[in-house]
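To keep things clear, I will list the structure first and then write my remarks on it.
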Amino acid sequence: MIEVVCGIIYKEDKVFLARKKTGKALAGFWEFPGGKIEKHESPKEALERELNEELGMIVSIQSYLGSNQHQYASNTIKLIAYTCLFIDATLNLIDHDLYEWVAPSDLINYEIAPADLPLIKLIV
């Protein structure tokens, strides 16, 4: 099982979504950004590192939101989510091609990555 962390990043009353770009796993799906937890990292350390690497983003991690397991064709992931407050970002997209700030009630209008779907219920 692969442990992955993601951030539910708030800016005012909206949350941050990013769309995986062509050529990446889950291309075209929208997700709450984050990434794999390395062996030497805590989930919070991994989240800070991944957001900085992939988006040039700085956040204030607020609290644990929840987790779930999802079986993809090639592996199983445990997705751990934290609520975060947006501080700043260059938004130099590495793994994504688009991003949007979305009202939580509008998340159902996006093609969300399967592992991220259960988190919507925790947000709304």
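Everything numeric here is computed off the predicted structure, so don't read it as measured data.
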Residues that Gln69 engages under side-chain hydrogen bond (donor to acceptor under 3.5 Å, both in side chains), provided they are two or more places apart: none
Contacts of Phe32 that satisfy ring pair (Phe, Tyr, Trp, His ring centres under 6.0 Å) - sequence neighbours left out: none
Set of residues satisfying side-chain hydrogen bond (donor to acceptor under 3.5 Å, both in side chains) with respect to Glu3, sequence neighbours excluded: none
Set of side-chain contact (heavy atoms from CB on, under 4.5 Å) partners for Ala46, sequence neighbours left out: Val5, Ile37, Glu41, Arg49
Ring pair (Phe, Tyr, Trp, His ring centres under 6.0 Å) against Phe29, all qualifying residues, sequence neighbours excluded: none
ILVMFWY network linking Leu47 to Ile87, side-chain heavy atoms under 4.5 angstrom: no
Set of side-chain hydrogen bond (donor to acceptor under 3.5 Å, both in side chains) partners for Glu100, sequence neighbours left out: Tyr110
Summary of side-chain hydrogen bond (donor to acceptor under 3.5 Å, both in side chains) pairs that have at least one residue in residues 19-33, sequence neighbours excluded: Arg19-Asp97, Lys24-Asp95, Glu31-His96
Any pair counted as side-chain hydrogen bond (donor to acceptor under 3.5 Å, both in side chains), so long as it reaches residues 78-88, sequence neighbours left out: Ser63-Thr83
Of all pairs that satisfy side-chain hydrogen bond (donor to acceptor under 3.5 Å, both in side chains), the ones with a partner from residues 7-16, not counting sequence neighbours: none
Results of side-chain contact (heavy atoms from CB on, under 4.5 Å) for Ala27 - residues two or more places apart only: none
Any residue meeting side-chain hydrogen bond (donor to acceptor under 3.5 Å, both in side chains) with Tyr64, in chain and number order, not counting sequence neighbours: Ser67
Counterpart residues, side-chain contact (heavy atoms from CB on, under 4.5 Å), relative to Leu122 (two or more places apart): Leu65, Leu119
